[in-house]
Amino acid sequence: MMNLMQLLRQHCATLLILSLTSFALLGCKSVGTNDTVDYRTAGAVRGPNLSYPPDLITAQADRRYIVQDGSATMSEYNAAVKKSVQTRKNVMTGIPGMRIARDGERRWLVVEKPAPELYPQIKDFWQENGFLLVIDSPSTGIMETDWAENRAKIAQDFIRSTIGGALDSLYDTGERDKYKTRLEVSKPGETEIYITQRGAIEKCVTDSTTTACNSTIWTARPNDPELEAAFLARLMERLGMTQEMAKAQVAVPLGPKTPKAKLVQEGVNTAHIEIAAGFDRAWRDTGLALDRSNFTVEDRNRANGVYYVRYVNPKDLGDTKGFFTNLFSSKDDSSLKAKKYLVLVKSTGDNSSSIYVQDADGKPENTAAGLQLLTLLTEQMAR
């Protein structure tokens, strides 16, 4: 249901549109699209950018070279165009051995190419799709986008298709998404690429005396595996596979659900997670659970089964505006009350593993906070 803020935006847009003259309406073109994914980073500059003459900006892929603030020289622009042409030329050659791997309800991309060679192309991919990166770590193979709005969810009614982008900023879906990408080296010369999505939705806040919307807050929205699949298909296309082949691979039905994770509590605040899976699957499921939660993976050591993470507890913020409101106002959660933890994955057999939470010094986190983190991970891994 659309909240009050969204209704006000559309009401204002309608009034302004009705005031336009009929000849102005005739001069506009439809901008309808069949895309189901169309992100524009929150806070991006709206309207034309005058850093370059309009006739020099011809390709969607080149928009990442447009300076949103300030100016650039023609030599810099020409160098950017040359790089873009070479990138597209390299992409057209494709990558052999690229495929979608599955494990139950999870998908990821496997590419027969070293991670250091793939990382720059994946970084360009997110920028080309309208995202800013708030985490860009080639050394760990981790990148994370800023929150952005999927504008494709806004219906293309007569008013919007006629006026086009002139009043586009007055429309809002009330939803935001961000994506994490993690590159794992499974074996020499082969890289696994994981894409995970987190969502937020704007909701009305009411009091006990009325049902009117007094204000809005941002709250968590359930993870959307279909959005993850859509970007996996787009990434495959970006790396050289045809659109038809990429969509066909992603569309293959998923298998049966993976074994459920179980929280085993040994004492008041002493617990661990048990999962009926070998180390490889437990390591993969733990990483995906971390990516889809409020954890920031700073580093990892697969040989030792350790994820080094930071976690922001929403309860520690003490802000009635909501946890996601804080994240929208900050480019990096390091300014929030983040604490460091180690998430340890141990193999206990061919088809069994255990997961523990430790403090920054590698000691058991036998506290209420440690139990809370294990509970959150169990909830994610059980989905």
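Model, not experiment: these values are computed from the prediction. Side-chain atoms are counted along with the backbone in the values below, which use heavy atoms only and exclude waters and symmetry mates.
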Chi angles and distances behind the salt bridge (Lys or Arg N to Asp or Glu O under 4.0 Å) call for E365, K339: CA-CA 12 Å; E365 184 65 35; K339 296 181 180 179; over 6 Å; no
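- Atoms OG1 and CD, from T375 and Q265 in turn, are 7.5 Å apart once rounded to the nearest 0.5 Å.
- A side-chain contact (heavy atoms from CB on, under 4.5 Å) with E192 is found for one member of V185, V111, V110, L183 and no other, namely V110.
- Using modelled atom types, no side-chain atom of T270 and backbone atom of N366 make a donor-acceptor pair closer than 3.5 Å.
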Verdict with supporting geometry, Y311 and L376, side chain to side chain contact (heavy atoms under 4.5 Å, CB included): CA-CA 11 Å; Y311 176 73; L376 290 172; 3.0 Å; yes
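- Nearest heavy atom pair, residue L374 against residue A271, reads CD1-O, 3.2 Å.
- Just one residue in the list L132, D146, T145, L235 forms a side-chain contact (heavy atoms from CB on, under 4.5 Å) with W126, and that residue is T145.
- Defined by atom type and a distance below 3.5 Å, a donor-acceptor pair is present between the side-chain atoms of E228 and N223.
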Working for salt bridge (Lys or Arg N to Asp or Glu O under 4.0 Å), residues E184 and R300: CA-CA 10 Å; E184 291 275 0; R300 61 199 184 282; 2.9 Å; yes
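- A donor-acceptor pair shorter than 3.5 Å cannot be found between the side chains of D224 and Q197.
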Side chain to side chain contact (heavy atoms under 4.5 Å, CB included) between R182 and L288, worked out: CA-CA 9 Å; R182 181 163 45 88; L288 289 170; 4.2 Å; yes
Worked verdict on E237 versus K247 for side chain to side chain contact (heavy atoms under 4.5 Å, CB included): CA-CA 9 Å; E237 185 181 353; K247 288 184 176 180; over 6 Å; no
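- Side chain of Y119 to main chain of S139: no donor-acceptor pair is present (N/O by atom type, distance under 3.5 Å, no hydrogens or angles).
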Side chain to side chain contact (heavy atoms under 4.5 Å, CB included) assessment of V134 paired with W147: CA-CA 9 Å; V134 294; W147 293 98; over 6 Å; no
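- Each of V297 and Y194 belongs to its own hydrophobic cluster when Ile, Leu, Val, Met, Phe, Trp and Tyr are linked at side-chain heavy-atom distances under 4.5 angstrom.
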